[in-house]
Protein chains: 2
Amino acid sequence: MIGKNKHISRIVDSFLQKGIKLTHQRKVIAQVITDASDHPDANEVFMRANKIDNRISLATVYRTIKLFEENKVLNRIELGGKKARYEELTDSHHDHLIDIDTGDIIEFVDDEIEELQKKVAKKLGYSLVDHKMELFGKKIKTN
Amino acid sequence: MIGKNKHISRIVDSFLQKGIKLTHQRKVIAQVITDASDHPDANEVFMRANKIDNRISLATVYRTIKLFEENKVLNRIELGGKKARYEELTDSHHDHLIDIDTGDIIEFVDDEIEELQKKVAKKLGYSLVDHKMELFGKKIKTN
DNA sequence: TTTCCTGCAAAGGGTTTGCACGTGT
DNA sequence: ACACGTGCAAACCCTTTGCAGGAAA
């Protein structure tokens, strides 16, 4: 049985509308991603999905992740290394601050920066379609 | 014979100081990177270096690129795909605007954004060590 | 000469894909 | 029933590495 059905319905609805088949595997993977508060990589998604239901292969995880990306329910983040990590795509855009000591990822939104980005793009003769911003920082000691 | 010796001397000097051997291969690769105004990937660097001198292998290009990165003369850029691309590291930091239609990369500097980034990091309890920002845009038609 | 560097080819890690079988609608 | 999705294993792409020969200091 799949939990959190209310939350998942966003993905389900969007798929039904487009006539994409809702397989068992896709539901489980959707749940895993919806439940994840960290930013798992493909293999991590695979392991979590597999724990719920062992009929799921890594290949399917990759295919499903790609499908989710194409349907804008999943966002890929590249963190310098060679593996991609993922997060559920929500309505509000946010960026990431990465703790260089621990690898923790903190999400934040800053409208001022977003405004400036649009302005910069415009100055260069472009209209901004998307952006990616990652800050890397060290925690300030508070003792 | 290696051209642009004046420009290259930055890398050469830095290597001599640290006692790193200045092999023929390294000089050629340094030249290729110094001369590149685009943002070549490892294989592209290899091909250009190889055209100048065919005694250079892809493995050496990778090893040299890593060496250059460690010595802060080269900067790695990750552009969503799986291959890394590179540019010579200069004193002034800049970010990239990518034309989503042509793949062109435009470099820009915006101090205001940099300031805001520091501020945002601080607000979250971090001191900013580095950042990565890429804007994706469509050219505004001017006809 | 000594130490470090190189080329080659093989291995590595993450991701994708061809194929025959299985499943949602 | 039909079209599409899946598991498996092999293939792929980019990058790294072990080794024996080669070059810089």
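Because the structure is a prediction, the values reported are computed rather than measured. The figures here come from the full heavy-atom set of this structure, side chains too, leaving out hydrogens, waters and symmetry mates. Throughout, a chain's letter reflects where its sequence line sits, starting with A, and its residues are numbered from 1.
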Decide side-chain hydrogen bond (donor to acceptor under 3.5 Å, both in side chains) for B/H39 and B/E44; before the verdict, give the C-alpha distance in whole Å, the side-chain angles of both, and the deciding distance to 0.1 Å.
CA-CA 9 Å; B/H39 300 73; B/E44 187 60 38; over 6 Å; no
Nucleotide nearest B/L22 when distance is taken to its side chain, options C/dT6, C/dG24, D/dA25
D/dA25
Report, as a single string ordered 5' to 3', how protein heavy atoms within less than 4.0 Å touch nucleotides 13-20 of chain D: B base, S sugar-phosphate only, - not at all.
-SBBBB--
When you compare the side chain of [Y] with that of [X], does any pair of heavy atoms fall below 4.5 Å?
| X | Y | result |
| --- | --- | --- |
| B/E87 | B/R76 | no |
| B/D95 | A/M133 | no |
| A/F136 | B/K132 | yes |

[N] [atom2] sits how many Å from [X] [atom1], rounded?
| X | N | atom1 | atom2 | value |
| --- | --- | --- | --- | --- |
| B/D53 | D/dA23 | CG | P | 12 Å |
| A/K27 | C/dT25 | NZ | C1' | 12 Å |
| B/H24 | D/dA24 | NE2 | P | 9 Å |
| A/L67 | C/dG24 | CG | P | 16 Å |
| B/N50 | C/dT6 | CG | C1' | 13 Å |
| A/F46 | C/dG13 | CZ | C1' | 16 Å |
| B/K21 | C/dC5 | NZ | P | 6 Å |
| B/I65 | C/dT6 | CD1 | P | 13 Å |

Kindly write out the residues that satisfy salt bridge (Lys or Arg N to Asp or Glu O under 4.0 Å) with B/D41, not counting sequence neighbours, or none if the list is empty.
B/K83
Residues forming a salt bridge (Lys or Arg N to Asp or Glu O under 4.0 Å) with A/K21, sequence neighbours excluded
none
Is it the case that the side chains of A/D110 and A/H94 hold a donor-acceptor pair, with the cut-off being a distance below 3.5 Å and no angle test?
no
Between A/R26 and D/dT6, is there a contact of a side-chain N or O with OP1 or OP2 at under 4.0 Å?
yes
Is B/T23 near enough to C/dT6 that one of its side-chain N or O atoms lies under 4.0 angstrom from OP1 or OP2?
yes
